[in-house]
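Take a look at the structure set out below.
Please read all numbers here as calculations on a predicted model, not as lab measurements. Below, each value reflects all heavy atoms present in this structure, side chains not excepted, and no hydrogens, waters or symmetry copies.
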Amino acid sequence: MLGNIEFSNPTKLYFGKESLQYLNEELSKYGTNIMLVYGGGSIKKNGIYNQVKM
């Protein structure tokens, strides 16, 4: 048994060509370490992964 658990998963989505410009502002709200979760690898193929991890 794990005991008491609280889970919160708020989601904010940005769409459009300039969407990544908001990333620094959003991520700064959560501290210096984040976990990036992605699927089948298209994020690396299209270059978004490299832009995000900078």
Side-chain angles (χ1 to χ4, degrees):
M1 188 78 166
L2 293 175
N4 297 329
I5 296 173
E6 180 179 333
F7 177 75
S8 175
N9 189 14
T11 302
K12 184 182 263 189
L13 302 173
Y14 289 92
F15 294 93
K17 289 183 178 183
E18 306 299 323
S19 298
L20 285 179
Q21 74 180 0
Y22 302 105
L23 191 60
N24 282 337
E25 179 184 336
E26 288 298 324
L27 293 181
S28 66
K29 298 174 186 176
Y30 300 99
T32 57
N33 294 310
I34 62 160
M35 179 174 63
L36 180 62
V37 179
Y38 58 93
S42 63
I43 191 172
K44 288 189 174 182
K45 291 176 188 171
N46 64 26
I48 298 293
Y49 178 81
N50 287 331
Q51 292 176 11
V52 169
K53 73 175 191 171
M54 291 183 161

Rounding to 0.5 Å, atoms CD1 (Ile5) and CZ (Phe7) come to a distance of 10.5 Å

- prompt: Is the number of heavy atoms from other residues, nucleotides or ligands within 6.0 Å of OH (Tyr14) greater than 12?
  reply: yes

Exercise. According to a 4.5 Å side-chain heavy-atom criterion applied to Ile, Leu, Val, Met, Phe, Trp and Tyr, with indirect links allowed, do Leu27 and Tyr22 form part of one hydrophobic cluster?
Worked result: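 Different hydrophobic clusters.
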
Residues pairing under side-chain hydrogen bond (donor to acceptor under 3.5 Å, both in side chains) where one sits in residues 27-42, two or more places apart or in two chains, turn out to be Glu26-Lys29, Tyr38-Lys44

